*Asks:* 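Would you mind keeping the following structure in view while I ask a few things?
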Amino acid sequence: MTEHLSIHDRDVLLVVDIQNDFCPGGALAVPRGGEVVPIINRIARRFEHVVLTQDWHPAGHRSFASSHAGRNPYETIEVAYGAQILWPDHCVQGTPGAEFHKELQIPHAELVLRKGYHGDIDSYSAFYENDRSTHTGLAGYLRERGLGRVFVAGLAFDFCVRYSTEDAHREGFEVVVIEDACRGIDVAGSVAATRQALAALGVRCASCDAVARWCWVV
Ligand code: VGL
Ligand code: ZN
């Protein structure tokens, strides 16, 4: 690996949505989602800077199928900002499903960024809500902190990881997806579509092992 890939103090690990509802037994369980918890715990020790995201919806959120009479989870509807997949109720504010997985151990994480709290707008990305224009504030936070390269890991690969990665790229950050520290939901080919979209952007995908080898902070 080339020298510039060494993890340094301008790098941040973005840990996406490691919450009970996305893990086995949860309301929107990502297949094998729990597997990433120990993997992420391990890789997080390599990073001086870690940000956690937390999907955080009010009850009755517009993205829930239960909010639309006659609709079922995983159907798509049109809303003001375009297509919206309907989900089972998940990550409702203050409920156990919205809590971080109890084995997630990243005490040095510097920021917990909550998203999806506007009742009418979903927010897959850690940077923009799904209307693609409402900011979460994360880009400003990273810039003010002097953090320029974002490593992304977590759940789900084909939704919140994908959107966060695309937006980090759009915001001018260098991005690396740690793909074996992610798991996907795979709705209608969404995992393959994600790989294609990230490759088209030229986003680098790396394994945990490769990232550990680039390790600078010990
Ligand atoms: C997510 C669907 C709905 C995710 C969040 O974390 O990928 N997916 N809300
Ligand atoms: Zn959600």
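Since we're looking at a predicted model, the values are computed, not measured. We count ligands from 1, going down the list as the structure has it; atoms in each ligand are counted the same way.
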*Asks:* Strictly by modelled atom types, are Asp122 and Gln84 linked by a side-chain donor-acceptor pair under 3.5 Å?
*Replies:*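 Asp122 vs Gln84: donor-acceptor pair found between side chains.
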*Asks:* Is it true that the side chains of Ser6 and His8 contain a donor and an acceptor less than 3.5 Å apart?
*Replies:*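 Looking only at side-chain atoms, His8 and Ser6 do not form any donor-acceptor pair under 3.5 Å.
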*Asks:* N/O of Lys115 under 3.5 Å from N/O of ligand 1, yes or no?
*Replies:*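 No, there is no polar N/O contact under 3.5 Å.
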*Asks:* Around atom 2 (C) of ligand 1, find the nearest protein heavy atom and jot down its residue, atom name and distance.
*Replies:*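 The protein heavy atom lying closest is Trp87 CE2, 3.4 Å.
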*Asks:* Do His90 side-chain atoms and Ala29 backbone N/O form a donor-acceptor pair below 3.5 Å?
*Replies:*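 No, because the side chain of His90 does not come within donor-acceptor range (under 3.5 Å) of the backbone of Ala29.
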*Asks:* If we only count N/O pairs under 3.5 Å, is Leu28 in contact with ligand 1?
*Replies:*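 There is no such contact.
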*Asks:* Consider side chain to side chain contact (heavy atoms under 4.5 Å, CB included). Of Arg204, Glu166, His169, which one does Val175 pass it with?
*Replies:*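 The residue from Arg204, Glu166, His169 that satisfies side chain to side chain contact (heavy atoms under 4.5 Å, CB included) with Val175 turns out to be His169.
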*Asks:* Note the single closest protein heavy atom to atom 6 (O) of ligand 1, along with its residue, its atom name and the distance in Å.
*Replies:*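 Nearest neighbour among protein heavy atoms for atom 6 (O) of ligand 1, to 0.1 Å: Asp17 OD2, 2.7 Å.
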*Asks:* Taking both backbone and side-chain atoms into account, decide whether Cys160 has an N/O/S atom under 2.8 Å from the Zn ion (ligand 2).
*Replies:*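 Not a single backbone or side-chain N, O or S atom of Cys160 is under 2.8 Å from the Zn ion (ligand 2).
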*Asks:* Can you name the atoms of ligand 1, numbered from 1 with element, that are less than 4.0 Å from a heavy atom of Phe22?
*Replies:*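 Matching atoms, with element in brackets: 1 (C), 4 (C), 5 (C), 6 (O), 9 (N).
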*Asks:* Given NE2 of His57 on one side and OD2 of Asp55 on the other, what angle do they make at the Zn ion (ligand 2), to 10°?
*Replies:*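 Roughly 90°, rounded to 10°.
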*Asks:* Considering only non-hydrogen protein atoms, determine which one is nearest to atom 8 (N) of ligand 1 and report residue, atom name and distance to 0.1 Å.
*Replies:*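 Among all protein heavy atoms, the one nearest atom 8 (N) of ligand 1 is Phe159 CB, 3.9 Å.
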*Asks:* Validate the cation-pi geometry between Arg170 and Tyr128: distance from NZ or CZ to the six-membered ring centre under 6.0 Å, angle to the ring axis within 45°.
*Replies:*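 Geometry flag: set, cation within 6.0 Å and 45°.
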*Asks:* Does Cys160, backbone or side chain, put an N or O under 3.5 Å from an N or O of ligand 1?
*Replies:*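 Yes; the residue has a nitrogen or oxygen that sits under 3.5 Å from a nitrogen or oxygen of the ligand.
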*Asks:* Which is it for Leu155 and ligand 1 at heavy atoms under 4.0 Å: side chain, backbone, both or neither?
*Replies:*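 Near ligand 1, Leu155 shows its backbone, while the atoms from C-beta on stay back.
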*Asks:* Under 4.0 Å from any heavy atom of Asp55, which atoms of ligand 1 are there?
*Replies:*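 Listed by number with element, the hits are 5 (C), 9 (N).
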*Asks:* Does Leu155 offer a backbone N or O that forms a donor-acceptor pair with the side chain of Arg183 under 3.5 Å?
*Replies:*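 No, the answer is negative, given that no donor and acceptor are paired below the 3.5 Å cut-off.
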*Asks:* Heavy-atom contact check, 4.0 Å cutoff: does His90 meet ligand 1?
*Replies:*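 The answer is yes: ligand 1 sits under 4.0 Å from a heavy atom of His90.
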*Asks:* For a 4.5 angstrom cut-off between non-hydrogen side-chain atoms, does Asp167 reach Tyr124?
*Replies:*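 Answer no - side chains too far apart.
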*Asks:* Keeping Asp89 on the side-chain end and Phe64 on the backbone end, is there a donor-acceptor pair under 3.5 Å?
*Replies:*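 Side chain of Asp89 to backbone of Phe64: no pair is present.
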*Asks:* So, is Asp17 placed with an N/O/S atom under 2.8 Å from the Zn ion (ligand 2), counting both backbone and side chain?
*Replies:*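 False for Asp17.
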*Asks:* Is the shortest distance from a Lys or Arg side-chain nitrogen in Arg143 or Glu171 to a carboxylate oxygen in the other one below 4.0 Å?
*Replies:*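 So Arg143 pairs with Glu171 through a salt bridge.
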*Asks:* Is there an N/O/S atom in Cys91 that lies less than 2.8 Å from the Zn ion (ligand 2)?
*Replies:*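 No, since none of the N, O or S atoms of Cys91 sits under 2.8 Å from the Zn ion (ligand 2).
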